[in-house]
Peer 1: 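To start, I am sharing the structure in question, which I have written as structure tokens.
Naming: A, B, ... by sequence-line order, numbering from 1 per chain.
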Amino acid sequence: MLKGMTRLVSRVHKNCVIFILEQCRGSCTYGCLPWKRETSWLDPGRFSHLGTQAPQCPVAHLDNQVPTERTRAISRTLENDPAKHGEQHVGQHYNISIQELKTVFPHGLPPRFVMQVKTFNEACLMVRKPALELLHYLKNTNFAHPAVRYVLYGEKGTGKTLSLCHIIHFCAKQDWLILHIPDAHLWVKNCRDLLQSTYNKQRFDQPLEASIWLKNFKTANERFLSQIKVQDKYVWNKRESTEKGSPLAEVVEQGIMRVRNATDAVGIVLKELKRQSSLGVFRLLVAVDGVNALWGRTTLKREDKSPITPEELALIYNLRKMVKNDWQGGAIVLTVSQTGSLFKPRKAYLPQELLGKEGFDTLDPFIPILVSNYNPKEFEGCIQYYLENNWLQHEKAHTEEGKKELLFLSNRNPGLLERLCAYL
Amino acid sequence: MRGDGWGEGSPNRAFIMFRLLQGKVLFFTSLSLDYFHLKHSACAKQSLLLEYTVKILKLCGLTQVRWSRYGPEYQDPQIDKEYYRKPLAQLTEEETYERELRKTQVIKAAPATKTSSVFEDPVISKFTNMMMKGGNKILARSLMTQTLEAVKRKQFEKYHAASAEEQATVERNPYTIFHQALKNCEPVIGLVPILKGGHFYQVPVPLAERRRRFLAMKWMITECREKKPRRMLMPEKLSQELLEAFCNRGPVIKRKHDMHKMAEANRALAHYRWW
């Protein structure tokens, strides 16, 4: 019936047996049927199976060397002291040793950066313009004047937290006392155990968060805790008290040991540091990431399901006193971020939008510093850094096409670029 | 566009899948309908051919399951960027002819999942689609990327922990690991139930290339979904399984070997196969 058709050819192609009765394209041609090969779209042979290693790029040995003979960007600098970073280091990564990382940053690094440090076995931070600007201001602070507030703001993933970490590293190297709250948003949400504060019945204690913070504070500032003496007597309960003149380390120990008193210990530490930094014994850096949490809303509720405002939390109440500029002898560096914030729209990134009226008025004379996406030089530097660490394993990622595509997909946003390169 | 009663998609070159009502033997058949000596116009011919095809199939107890809406005149879209970047001066005669011809032809719409990205990989896309549940491609794709990242990080850890000689053997490219792992999981021979004398016998049968790829991916996904501890996430489990399959160990490879052993055990029944 089907004339000339049905050439039942069992084509045993290697191990497959398929009946393919195929017609040729176009109209009736009865000649030899062009046997179409099995579709090769899934043929993995398209991609080479040899893991190509990225070309090892020579590390720049001289910072002043102008790469005239090389068209590749320099991604690293040997200048590991943040105090000496300048315009010429923009776009380059400097190394922080792992021991320093453990002491200076027991908390506060973004989680993806921590993963990167673990994977590469090294901690490299990029030198960028906003951080350099802030460093310049900090180097020229007048410690007799009240503490100046700097606010780092920018869109999501642009590098506010890591710029803050750069500043903290600089201050730690300059022997300042670092008061670093890694993420204020964590203190206003997801708190399982809220206790009524013993000091003030209206407020609430957060023992867990406070004790964790105290532990990390102790690790970061060991050497200061024995030097600073408490100027008041503090009674914890019927049996325990801290005498006037005892080192601050005792208060911190008390907070870590007795978790119920941890929040009060934090309050005492903040009060003492604020009082004593004006005396000029040490320089204080107050670094808060996500400071817009202090004036927003919380998701915490009382037993009768009524919402708690941030000022009813003892930690937040005391922290608000720290970011007021009524003390001397240091600086306050803050970050506003939408990630982790509560009841704020996703696209909001300006300080006015995120802080709200109350927060903006409290912080009012502050210096805003915009952190934006990478410029082309920084982008090249970042890609170069990943190539040097063999992080970009995909063959096409080494080519110009691949780089153009990464540029397009990430729009030079540091966070997005990091996530893209993670799986390539 | 030829608007005939059937719409523009009469399957002239139709890959028709049909099932025998009694068993589950699947045949792929493409009926060549151009061999009909019909002096009708093309569209009427198509519709008539389709009617005949359907009637023949129904006679044999076979029902059409999957067909394409595109007619035979529709060409596949050319997605490769390099094809279009070639300067016109460098084209050979055949290529220039082909380009001119394409200007007159109708082209199918490119599917949304096929991009001209340099990082696109059809195996990865297929695997992502198979992992997808309820059309949630965003979730499936994010799981896939997290898996690749997990594989990469594990291999980097291994690389840094290894000595200088071993470092050359550690493979860090997640894509090569993925491809090699799936290749290692592909069975060579499969079993097919064949009805003979009122009983179904599991007959060893050589498998098609695409069936092997499908089985490897299917086994991998099933293994990762069912046999993981309760709180373990899919990327972690999948990266673990991929790395084991890459080294030719692990439960998916075991399943492949079990399949081979059963086929070997049933080799006496190989005569039941008639194709």
Peer 1: For atom CZ of A/Arg346, is the number of surrounding heavy atoms from other residues, nucleotides or ligands below 6.0 Å larger than 12?
Peer 2: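 Incorrect, the count does not exceed 12.
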
Peer 1: Any donor-acceptor pair under 3.5 Å linking the side chain of B/His160 with the backbone of A/Thr119?
Peer 2: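 Between the backbone of A/Thr119 and the side chain of B/His160 there is a qualifying donor-acceptor contact (under 3.5 Å).
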
Peer 1: Does a sphere of radius 6.0 Å around CG in B/Leu101 hold more than 12 heavy atoms from other residues, nucleotides or ligands, not counting ones at 6.0 Å or beyond?
Peer 2: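 Result for CG/B/Leu101: enclosed.
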
Peer 1: Please check: side-chain N/O of B/Lys152 versus main-chain N/O of A/Trp391, any donor-acceptor pairing under 3.5 Å?
Peer 2: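 Yes, B/Lys152 side chain to A/Trp391 backbone: donor-acceptor pair under 3.5 Å.
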
Peer 1: State the CG-NE2 distance between B/Asp121 and A/His394, to the nearest 0.5 angstrom.
Peer 2: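 If I round to the nearest 0.5 Å, the distance is 6.5 Å.
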
Peer 1: Spell out the residues in residues 405-412 of chain A that have some non-hydrogen atom less than 4.5 Å away from a non-hydrogen atom of chain B, in order of number; otherwise answer 'none'.
Peer 2: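 Counting heavy atoms that sit under 4.5 Å from chain B, the residues of residues 405-412 of chain A involved are A/Glu405, A/Leu406.
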
Peer 1: Side chain to side chain contact (heavy atoms under 4.5 Å, CB included), that's the test. Do B/Asn173 and A/Glu395 meet it? Break it down for me.
Peer 2: CA-CA 9 Å; B/Asn173 189 339; A/Glu395 310 85 24; 3.3 Å; yes

Peer 1: Counting heavy atoms not belonging to A/Lys102, are there more than 12 under 6.0 Å from its NZ?
Peer 2: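 Counting other residues, nucleotides and ligands, NZ of A/Lys102 stays at 12 neighbours or fewer.
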
Peer 1: Crowded around B/Tyr83 OH? As in, over 12 foreign heavy atoms under 6.0 Å?
Peer 2: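 Buried by this count: over 12 neighbours within 6.0 Å.
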
Peer 1: Please indicate whether A/Tyr94 has more than 12 foreign heavy atoms, meaning atoms of other residues, nucleotides or ligands, lying under 6.0 Å from its OH.
Peer 2: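 Yes, enclosed.
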
Peer 1: Within a strict 4.5 Å, meaning less than it, do heavy atoms of the B/Arg172 and A/Asn390 side chains meet?
Peer 2: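 Side chain of B/Arg172 against side chain of A/Asn390, heavy atoms only: contact under 4.5 Å found.
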
Peer 1: Would one find more than 12 heavy atoms of other residues, nucleotides or ligands at under 6.0 Å from atom CD of B/Glu94?
Peer 2: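 For B/Glu94, atom CD is not crowded (no more than 12 foreign heavy atoms under 6.0 Å).
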
Peer 1: In Å, rounded to the nearest 0.5 Å, how long is the span from OG1 of B/Thr145 to CZ of A/Arg419?
Peer 2: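 Rounded to the nearest 0.5 Å, the OG1-CZ separation comes to 10.0 Å.
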
Peer 1: Please look at A/Lys118 and chain B and tell me whether the side chain, the backbone, both or neither of the residue comes under 4.5 angstrom of a heavy atom of that chain.
Peer 2: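 For A/Lys118, the side chain is the part near chain B, not the backbone.
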
Peer 1: Should we say atom NZ of A/Lys156 is surrounded by more than 12 heavy atoms from elsewhere, each under 6.0 Å from it?
Peer 2: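 Counting other residues, nucleotides and ligands, NZ of A/Lys156 stays at 12 neighbours or fewer.
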
Peer 1: About how many Å separate OH of A/Tyr423 and OH of B/Tyr175, when rounded to the nearest 0.5 Å?
Peer 2: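 Here the rounded value is 7.0 Å.
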
Peer 1: Around B/Lys218, counting heavy atoms of other residues, nucleotides and ligands shown, do more than 12 lie under 6.0 Å from its NZ?
Peer 2: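 No, the 6.0 Å shell around NZ holds no more than 12 heavy atoms from other groups.
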
Peer 1: Test salt bridge (charged side-chain N to carboxylate O under 4.0 Å, His left out) on B/Glu149 and A/Arg112; report intermediate values, then the result.
Peer 2: CA-CA 12 Å; B/Glu149 190 186 334; A/Arg112 284 201 77 93; 2.9 Å; yes

Peer 1: With a 4.5 angstrom heavy-atom cut-off, could you sort out which part of B/Lys81 is near chain A: side chain, backbone, both or neither?
Peer 2: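 For B/Lys81, the contact with chain A is made by the side chain alone.
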
